[in-house]
Protein chains: 2
Amino acid sequence: MEEHPIDARKERILRAIIDDYVLTAMPVGSRTISRKYETSLSSATIRNEMSDLEELGYLAQPHVSAGRVPSAKAYRLYVDGLLSERVQPDPEARAYFSQRVRQMEDVISCAAAAISEFTRYTAVVMMPKQLDLRVSCLQLVPMPRGSALLVIVTDTGAIRDTVIRVSENLDGDALYAISRTLTEHLAGRTLQEVQEMLGAYSRQVGGDDRVIQGIADLAARMASQLAFDTLTIGGSQNILNYPEYSDVEKARAFLSVLEEKQRLMALFAGQGGAYGVRIGPEMGMEEMTDCSVVTARYRAGAGHQGFVGVIGPTRMPYARVLGALSAIGEALSDMLGE
Amino acid sequence: MEEHPIDARKERILRAIIDDYVLTAMPVGSRTISRKYETSLSSATIRNEMSDLEELGYLAQPHVSAGRVPSAKAYRLYVDGLLSERVQPDPEARAYFSQRVRQMEDVISCAAAAISEFTRYTAVVMMPKQLDLRVSCLQLVPMPRGSALLVIVTDTGAIRDTVIRVSENLDGDALYAISRTLTEHLAGRTLQEVQEMLGAYSRQVGGDDRVIQGIADLAARMASQLAFDTLTIGGSQNILNYPEYSDVEKARAFLSVLEEKQRLMALFAGQGGAYGVRIGPEMGMEEMTDCSVVTARYRAGAGHQGFVGVIGPTRMPYARVLGALSAIGEALSDMLGE
DNA sequence: TGTTAGCACTCTCACCCGTTGAGTGCTAAC
DNA sequence: GTTAGCACTCAACGGGTGAGAGTGCTAACA
């Protein structure tokens, strides 16, 4: 077999086909290219080139008298071209994100919302596991009617709280005293260690071991939440905006894949570089053969890395999406990266 | 016009038509009723009765040679029949809810999830506004790297927190001292008052008015969140399970109505009794003419009342849905009531 | 050798039309 | 009041047809 590297013109035509297809979602014919993109060439010439591109596996024909549709291989080429240049963070996306971050509590779910609203695709944000978490502070905040809010803060700044019952005669100062003791003894320990050590302290807090129990529960919950990478999804309904999913059955299949976060996680597993694009069949998941996943990395301090991403039809304006993700990834890195 | 009260047999037939239509989503013919439900009557007799029922506005024909479909008026009659008896809380629904409540933090969103999963419809949970909120405690919890977690607790037990920057040389004790002062001065005040009073204290906290600013921000956010009834929605995609919405356009319209929480809120506004059923056109919203909303009230302590509900196609097993909502409403009342 | 015009060919899509079957309304008999 | 019977209506289905879009191929041209 002789080599068939595609020349500059073929590449230009291929790019035009992809652009047009992304725009219209309809198979692209030779006339369209000759009139809208390569006005110096006739449709017949384009036809010849398209025929070549098809033979090389870059194009496919839904049926003989339809135009051509780019294949996964074509998107791959296109995307590699994009990624070989510097991805330009989209300032508009960043502004969008910054504006919304004030309103919502959680930066991660906020990022997911911002991405999905901005790109109009489904957004995924992955938050890396944090195994090496150590308790930095532990505090009880008085609440009405014999309750208290237990707050645990880790050295990485993760916060969790829970309401526990305490004896009614503990006032704010008493709770603070307990908090001090607890913090003194537990600061610097990992969550696992905290759970193990709790038995020993139960005497020192006045026999009221609901506090101890509460800490143990919360520490356990925190540990289990943070021991795994977590995935947040935003704008899952956005898929309905695209004609690829105008069949309700398909849409439902897509949405149910989103429920299985464990499987989705696999998409980020082997991710090396700053950006990742997985095109349809490359993902090896039956249900996602006509989806693409675009991701950008962000830094969550201390060597941890997470990903922000978009899931949409393969027919996607990759440059625009990469720009948006890049901007939001940067913003997240700034916020979480210390 | 003479009166046309429908007799017992007509009502039985109407009920059979509704039951069958709820099950199959297909227009119901006279033969079906005569064979499956009223075996002692011939289809011709049923036809006569159906013709009467149509004239009375209880049935409609999509086209002349199709069977009949119940009208909103029919559902209304049917539902009024249900509501005149005692609604039986569904113990299975309650078990389902209780089982899940452990796993999730927030009872409200947990309820929404449980309802939608159990009924397979879209769930709404309304949480009443809490205008009379007063600050009960205010505390700063030290965090690494010159941050602190600001926690505000109200007398009703609502909690909000936010991370603020503070000067690096404030240790835990110093933060507690500030917390004490703040609590002393602000406890018992409403959130509005707190916002107004903040200026006055800015000197007393060592000139570091990031703390003041943080409190003001958080108080404002809290006030705005709690000053209005809030709506939580669960299982919005469930609508895709029903043939009524196999048209993507319709599904999208439905989903986008769900986004406009303000408008949805109106559906609960005039709700008086323990249960409410709004059928299609009764809601006066163009987009919801073929939806129904079923709600049950719950008590959130201190005279506040909220609603749990389900939104689905008019063709809905109302008895089952009412039973489930009743059970979950009871469970919520128990949890939030005290 | 690359480009282009022309033409026959293919295939989808939209439309028409007849057939089928479900379901009705009406009438007359029980 | 109930029922059998019958004529009628209409959606749904399937086959047939024509228009349109787009291709591949060939031959001519630069």
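Chain letters run A, B, ... following the sequence lines, proteins first, then strands; residues in each count from 1.
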A.B. asks: Which part of the nucleic acid does B/Ser30 contact within heavy-atom distance under 4.0 Å: base, sugar-phosphate only, or nothing?
C.D. replies: sugar-phosphate

A.B. asks: With a 4.0 Å cut-off on heavy atoms, is A/Ser40 in touch with a base, just the backbone sugar-phosphate, or nothing at all?
C.D. replies: sugar-phosphate

A.B. asks: Send over the distance from B/Gln61 CD to C/dA22 P, rounded to a whole Å.
C.D. replies: 17 Å

A.B. asks: Using modelled atom types and a 3.5 Å cut-off, is there a donor and acceptor pairing between side-chain atoms of A/Thr24 and backbone atoms of A/Asp20?
C.D. replies: yes

A.B. asks: Nearest whole angstrom, please: distance from the C1' of D/dC25 to the CE of A/Met50.
C.D. replies: 17 Å

A.B. asks: How do B/Val64 and A/Gly67 order along DNA chain D: which one's closest nucleotide is nearer the 5' end?
C.D. replies: B/Val64

A.B. asks: Of the nucleotides D/dG24, D/dG20, D/dC10, which has the atom closest to the B/His63 side chain?
C.D. replies: D/dC10

A.B. asks: Under a 3.5 Å cutoff, is there a donor and acceptor pairing between the side chains of B/Tyr275 and B/Thr295?
C.D. replies: no

A.B. asks: Taking OP1 and OP2 of C/dG21, is either one under 4.0 Å from a side-chain nitrogen or oxygen of B/Ser65?
C.D. replies: no

A.B. asks: With a 4.0 Å cut-off, would you call B/Glu38 and B/Arg9 a salt bridge?
C.D. replies: no

A.B. asks: Checking salt bridge (Lys or Arg N to Asp or Glu O under 4.0 Å) for the pair A/Asp90/A/Arg94: CA distance, chi angles, key distance, verdict?
C.D. replies: CA-CA 7 Å; A/Asp90 180 344; A/Arg94 177 147 191 167; over 6 Å; no

A.B. asks: Please give the nucleotide sitting opposite C/dA29 as a Watson-Crick or G-U wobble pair, both distances under 3.5 Å, or none.
C.D. replies: D/dT2

A.B. asks: Specify the separation, in whole Å, of atom CG of B/Asp52 and atom C1' of D/dT2.
C.D. replies: 14 Å

A.B. asks: Below 4.0 angstrom, N of the basic side chain to O of the carboxylate: do A/Glu54 and A/Arg68 qualify?
C.D. replies: yes

A.B. asks: Under 4.0 Å, heavy atoms only, any strand: does B/Thr32 hit a base, just the sugar-phosphate, or nothing?
C.D. replies: nothing

A.B. asks: Quick check for you: among C/dT3, C/dT24, D/dC25, whose closest atom lies nearest to any side-chain atom of A/Arg47?
C.D. replies: D/dC25

A.B. asks: Rounded to whole Å, how long is the line connecting atom CD of B/Glu55 with atom C1' of C/dT24?
C.D. replies: 15 Å

A.B. asks: What is the distance, rounded to the nearest whole Å, between atom CD of B/Glu38 and atom C1' of D/dG1?
C.D. replies: 15 Å

A.B. asks: Between B/Ser292 and B/Tyr318, does any side-chain donor sit less than 3.5 Å from a side-chain acceptor?
C.D. replies: yes

A.B. asks: Produce the list of close N/O pairs, under 3.5 Å, pairing protein atoms with atoms of nucleotides 15-17 of chain D; give distances to one decimal.
C.D. replies:
none

A.B. asks: Is a donor from one side chain sitting under 3.5 angstrom from an acceptor on the other, for B/Asp19 and B/Tyr78?
C.D. replies: yes

A.B. asks: Please state how far atom CE in A/Met26 lies from atom C1' in D/dA21, giving the value in whole angstrom units.
C.D. replies: 10 Å

A.B. asks: Rounded to the nearest angstrom, tell me the gap between atom CD1 in A/Ile46 and atom P in C/dT3.
C.D. replies: 10 Å

A.B. asks: Whether B/Arg68 contacts C/dG25 is assessed here as follows: a side-chain N or O lying under 4.0 Å from the phosphate OP1 or OP2. Is that the case?
C.D. replies: yes

A.B. asks: So which nucleotide from D/dG20, C/dG25, C/dT4 ends up closest to the side chain of A/Thr45?
C.D. replies: C/dT4

A.B. asks: Taking only the side-chain heavy atoms of A/Ser51 (C-beta and beyond), determine which of C/dG25, D/dT3, D/dG24 contains the nearest atom.
C.D. replies: D/dG24

A.B. asks: Is A/Ala44 touching bases, backbone alone, or none of the nucleic acid, heavy atoms closer than 4.0 Å?
C.D. replies: base

A.B. asks: Where the side chain of A/Glu54 is concerned, which of D/dG24, D/dT2, D/dT3 is the nearest nucleotide?
C.D. replies: D/dG24

A.B. asks: Do side-chain atoms of B/Asn238 reach the backbone of B/Tyr121 as a donor and acceptor pair under 3.5 angstrom?
C.D. replies: yes

A.B. asks: When the distance from CG of B/Asn48 to P of C/dT24 is rounded to whole Å, what number comes out?
C.D. replies: 11 Å

